[in-house]
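The structure appears below as structure tokens.
Predicted model, so just to flag it, every value in this text is computed and none were measured. These numbers come from the heavy atoms of this one structure, side chains and all, not from hydrogens, waters or symmetry mates.
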Amino acid sequence: MTLLLRLFGRPWIWSWLAAFIVWFLTIMVTLGASTLGLSQAALTFAAFSVVVGIGQMFVITLGPGNIDLSVPATMTLAGTVALKLMNVENGLILPGLLVAIVIGLVVGLGNYALIKALRIPPIIATLSMSFIVQSAAIWTNRGLRIKPPSVLAEFTTANTLGVPNVAIVALLISLLAWFLLEKTIYGRWISAIGQSMPAARMAGIPVDGTRFVTYLFCAVLASVAGYLLACFSGGAALNMGSEYLLTSIAVVVIGGTAVAGGDSNVPGIWGASLFMFLVVSMLNTYGVGAGIRLIMTGLIIISVIMLAGGRRAGMR
């Protein structure tokens, strides 16, 4: 009983429980006919949300006001430029990935330059940067849809021992994120900054450097997600990252990360990502339209924030 109470006391358990309930209800409607297919699809599409969600989680952990709204544009630009560089050549897969990472580094640098040098609030700075990056993506794309190299396209759409390859990549990134947060001084620094930036400065923590690295990390993960998504989708589209603006924030909040900063939750990102995809699948199974789906997503986020606020108030 004590172990069970401790388990349900962890914030990430609720997103996993919600995901399981929705998965079970969907399977019941289809009489179990789509169990394997639904599970693999959930892992596949959740993987992209996990990658961008982890980057957003690191930024949000820095404290109130920290958020990266340039994620969708960064995904689009990275995917577009990488595919143009690779030009369907298998030998250029690694250079394409490196270019995507460099794009993420440049965007992250631009974001923090606006935040620090010009003292623009993060939400405004990253929104402004997103317009610049999206314009660059439009100029680069020019209406073309270049196919990914065959090896990369096959890798992103294939499974290993029944597990989608993109989910394996997302799992490796998740393990890296967990290690950074739990086992390194960098993880302790961003938690301390999120809890109180003035106190962190007084404690000698390099606040500016830590925030700078965090915004770089978020942008790089968005670039990697865009690179993988473009290859999985068979080409880069100018709107391919648009749904991940809401998703990257929603999975962080639903996953149990404190919206006020100072507390992060990697396992919760997975539960929330699976939950959001499965909710869409369930609503599609019942024939519910996209408008209702968006309304439900918004209500879920509001509910979670209210519950989190109630718990914090009760602790005072």
Side-chain angles (χ1 to χ4, degrees), residues 6-7 9-16 46-68 70-71 74 101 104-105 107-109 111-112 115-116 122-123 126 167-225 247-273 304 308 311-312 315:
R6 289 180 60 187
L7 180 63
R10 298 184 180 276
W12 55 264
I13 192 64
W14 298 105
S15 61
W16 279 96
F48 301 111
S49 300
V50 167
V51 175
V52 295
I54 286 174
Q56 194 73 267
M57 178 189 68
F58 271 68
V59 171
I60 290 175
T61 303
L62 288 172
N66 285 282
I67 195 168
D68 190 347
S70 66
V71 165
T74 304
I101 291 174
L105 292 173
V107 174
L109 175 62
N111 280 333
Y112 197 68
I115 295 170
K116 181 62 179 177
I123 191 171
T126 56
I168 295 175
V169 173
L171 177 59
L172 294 175
I173 293 174
S174 301
L175 292 174
L176 172 62
W178 177 85
F179 178 79
L180 290 174
L181 289 169
E182 301 293 334
K183 302 298 182 181
T184 67
I185 192 171
Y186 165 70
R188 292 192 290 272
W189 282 350
I190 64 172
S191 295
I193 293 170
Q195 292 168 12
S196 175
M197 187 180 297
R201 290 188 187 277
M202 292 178 63
I205 294 175
V207 172
D208 294 330
T210 303
R211 295 180 71 204
F212 173 58
V213 170
T214 303
Y215 275 91
L216 287 181
F217 186 56
C218 180
V220 167
L221 288 185
S223 294
V224 171
T247 300
S248 67
I249 301 170
V251 296
V252 174
V253 177
I254 297 172
T257 294
V259 293
D263 185 23
S264 51
N265 198 319
V266 176
I269 296 289
W270 273 95
S273 298
V304 171
R311 287 197 301 269
R312 286 178 178 275
M315 291 177 182

To the nearest 0.5 Å, what is the distance between [atom1] ([X]) and [atom2] ([Y])?
X	Y	atom1	atom2	result
R201	D208	CZ	CG	4.5 Å
I249	T257	CD1	OG1	12.5 Å
L181	D263	CG	CG	10.0 Å
R188	E182	CZ	CD	10.0 Å
W189	T184	CH2	OG1	9.0 Å
T214	I60	OG1	CD1	12.5 Å

S191 backbone acceptor or donor facing T61 side chain under 3.5 Å: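 Flag not set: sc T61 to bb S191 has no pair under 3.5 Å.
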Donor-acceptor contact below 3.5 Å, side chain Q56 vs main chain D68: yes
Where [X] and [Y] come nearest, the two heavy atoms and their spacing:
X	Y	result
Y215	P122	OH-CB, 3.2 Å
S174	V266	O-CG1, 3.7 Å
T74	A219	CG2-O, 3.6 Å
C218	V71	SG-CG2, 4.2 Å
V51	L221	CG1-O, 3.4 Å
S49	V251	O-CG2, 4.1 Å

Passing candidate, side-chain contact (heavy atoms from CB on, under 4.5 Å) with V59, options T126, V252, N66: N66
Is any side-chain heavy atom of [X] less than 4.5 Å from a side-chain heavy atom of [Y]?
X	Y	value
V52	T247	no
R211	M197	yes
I54	V50	yes
I269	N265	no

Geometric class of the F58/Y186 ring pair [parallel <30°, tilted 30-60°, perpendicular >60°]: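 Correct class here is parallel.
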L176, CG atom: more than 12 neighbouring heavy atoms under 6.0 Å: yes
